[in-house]
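Let me begin by presenting the structure, written as structure tokens, before commenting on it.
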Amino acid sequence: MQGRRQAGYATPQGTTQDTPYGPLSICLHWLIAALIFALIGIGFAMRRTEIDPALQFSLYQWHKSLGLTVLALAALREIHWLFARHPQPVADLGPLERQASRTTHVVLALLCLFVPLSGWAVASTSTLAIPTLLFDRVLVPALPLARSAAGEAFWSLVHAGSAYLLLALAALHAAAALHHHFIRRNGVLLRMLGRPAAGNAGRPDGTRGPARRGTRR
């Protein structure tokens, strides 16, 4: 059981609504969030026309490297999520709130995979054919897509649009977490900080159930 907890599983011992997420779930969540905000900053900076061309090239390479890292970590998180045990939703969430939370989490998870993939497609269809070097060390092959100006323009539009959608949903997600923490004072945020959500001792009917597998909050 100790090994399961260290691997990032939330155990069914005690309550299931005040149990924090496991270490691996927490680490992946915050690491991916930090990388996404770094990617957004780099993305805006590298598009500026007045910056030094050498710096711009370096920023593009870092943007691609961090994006591919997010893709790998997001894939790992989804595989882990299928097999990990998760706390039950906090007791004071209504049915509509639970459905909205579940939908937002699913869309965010899909975007964490799709946005990097669409960026990879931009690099793969670019007529400049600039190689992608993962952290200036490993050559990343292009996706099997035809290089053309039209293809690059299409995937650039898709990449930018999905990135803005990801940013908007991430901001909504953060605002909701802060609302739950400071206004409703429940354990939604605390559980992703690795702390027990004191005060959510059980379901509204006083019962306790096993932690669920493979379903999002």
Side-chain angles (χ1 to χ4, degrees), residues 21 24-49 51 55-82 84 100-177 192 214-217:
Y21 286 92
L24 183 55
S25 295
I26 294 172
C27 181
L28 288 172
H29 177 275
W30 293 111
L31 182 55
I32 291 173
L35 288 173
I36 286 174
F37 281 105
L39 280 165
I40 291 170
I42 294 174
F44 280 118
M46 71 187 193
R47 300 291 293 177
R48 297 176 60 185
T49 57
I51 66 173
L55 175 60
Q56 187 178 48
F57 178 83
S58 179
L59 289 175
Y60 266 96
Q61 291 294 338
W62 274 100
H63 187 78
K64 291 189 285 186
S65 295
L66 294 179
L68 290 170
T69 302
V70 168
L71 177 61
L73 292 176
L76 174 61
R77 182 178 61 179
E78 296 314 303
I79 294 172
H80 170 259
W81 197 273
L82 293 175
S101 174
R102 188 178 300 112
T103 300
T104 301
H105 279 81
V106 169
V107 175
L108 277 172
L110 292 176
L111 284 173
C112 285
L113 296 169
F114 181 76
V115 174
L117 279 173
S118 63
W120 194 358
V122 174
S124 300
T125 55
S126 173
T127 55
L128 297 177
I130 298 175
T132 297
L133 296 174
L134 186 64
F135 299 110
D136 292 326
R137 291 290 184 271
V138 180
L139 179 63
V140 178
L143 294 174
L145 299 171
R147 294 190 180 275
S148 67
E152 182 182 4
F154 170 78
W155 283 112
S156 295
L157 181 62
V158 170
H159 182 61
S162 58
Y164 281 122
L165 177 58
L166 175 59
L167 177 60
L169 286 179
L172 177 64
H173 176 68
M192 193 51 78
T215 54
R216 295 192 178 275
R217 289 181 297 171

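Just so you know, residue 1 is the first one in the sequence shown, and it goes up from there. Computation of the quantities below employed the complete heavy-atom set of this structure, encompassing side-chain atoms and omitting hydrogens, waters and symmetry-equivalent molecules.
- Contact of the Ile36 side chain with the Cys112 side chain is registered, since non-hydrogen atoms from C-beta on lie closer than 4.5 Å.
- Minimum interatomic distance between Pro131 and Gln61 (heavy atoms only, all atoms of both residues): O-NE2, 3.0 Å.
- In this structure, CD on Gln56 lies 8.5 Å from CE on Met46, to the nearest 0.5 angstrom.
- A perpendicular orientation is assigned to the rings of His105 and His173, their planes being inclined by more than 60° (bins at 30° and 60°).
- Of the inter-residue distances, the one linking Trp81 atom CH2 with Leu24 atom CG reads 11.0 Å to the nearest 0.5 angstrom.
- Checked by atom type and distance alone, the side chain of Ser25 never pairs as donor or acceptor with a backbone atom of Tyr21 at under 3.5 Å.
- Between Thr125 and Ala146 the shortest heavy-atom distance is CG2-O, 3.5 Å.
- At a threshold of 4.5 Å between non-hydrogen side-chain atoms, the residues Leu59 and Ile51 count as touching.
- Contact between Leu108 and Ala170 at its shortest, heavy atoms only, is CD2-N, 3.9 Å.
- Expressed to the nearest 0.5 Å, how far OG of Ser65 lies from CD1 of Ile42 amounts to 9.5 Å.
- Annotation: side-chain hydrogen bond (donor to acceptor under 3.5 Å, both in side chains) contacts involving residues 35-48, sequence neighbours excluded, comprise Arg47-Tyr60, Arg48-Glu50.
- Taking CG from Leu76 and CG from Leu71, the interatomic distance works out to 11.5 Å, rounded to the nearest 0.5 Å.
- Contact annotation: the side chain of Ser124 approaches that of Trp120 to within less than 4.5 Å [non-hydrogen atoms, C-beta and beyond].
- Closest heavy-atom contact between Arg147 and Ala129: NH1-CA, 3.5 Å.
- Between atom NE2 of residue His63 and atom OG of residue Ser58 there is a gap of 13.0 Å, rounded to the nearest 0.5 Å.
- Atoms CG and CD1, from Leu35 and Ile40 in turn, are 11.0 Å apart once rounded to the nearest 0.5 Å.
- Contact between Leu113 and Ala75 at its shortest, heavy atoms only, is CD2-N, 3.6 Å.
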Side-chain donor/acceptor pairs under 3.5 Å, residues 132-145, sequence neighbours excluded:
unit_1 : atom_1 : unit_2 : atom_2 : d
Thr132 : OG1    : Lys64  : NZ     : 3.2

Output a table of donor-acceptor pairs, distance under 3.5 Å, between side-chain atoms of residues 157-169 and any protein atom two or more places apart or on a different chain; print 'none' if there are none.
unit_1 : atom_1 : unit_2 : atom_2 : d
His159 : ND1    : Val115 : O      : 2.9
His159 : ND1    : Ser118 : OG     : 3.0
His159 : ND1    : Gly119 : N      : 3.2
Ser162 : OG     : Val158 : O      : 2.8
Ser162 : OG     : His159 : O      : 3.1

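- Scanning both residues, Met192 and Ile26, for their nearest heavy atoms gives O-CG2, 3.4 Å.
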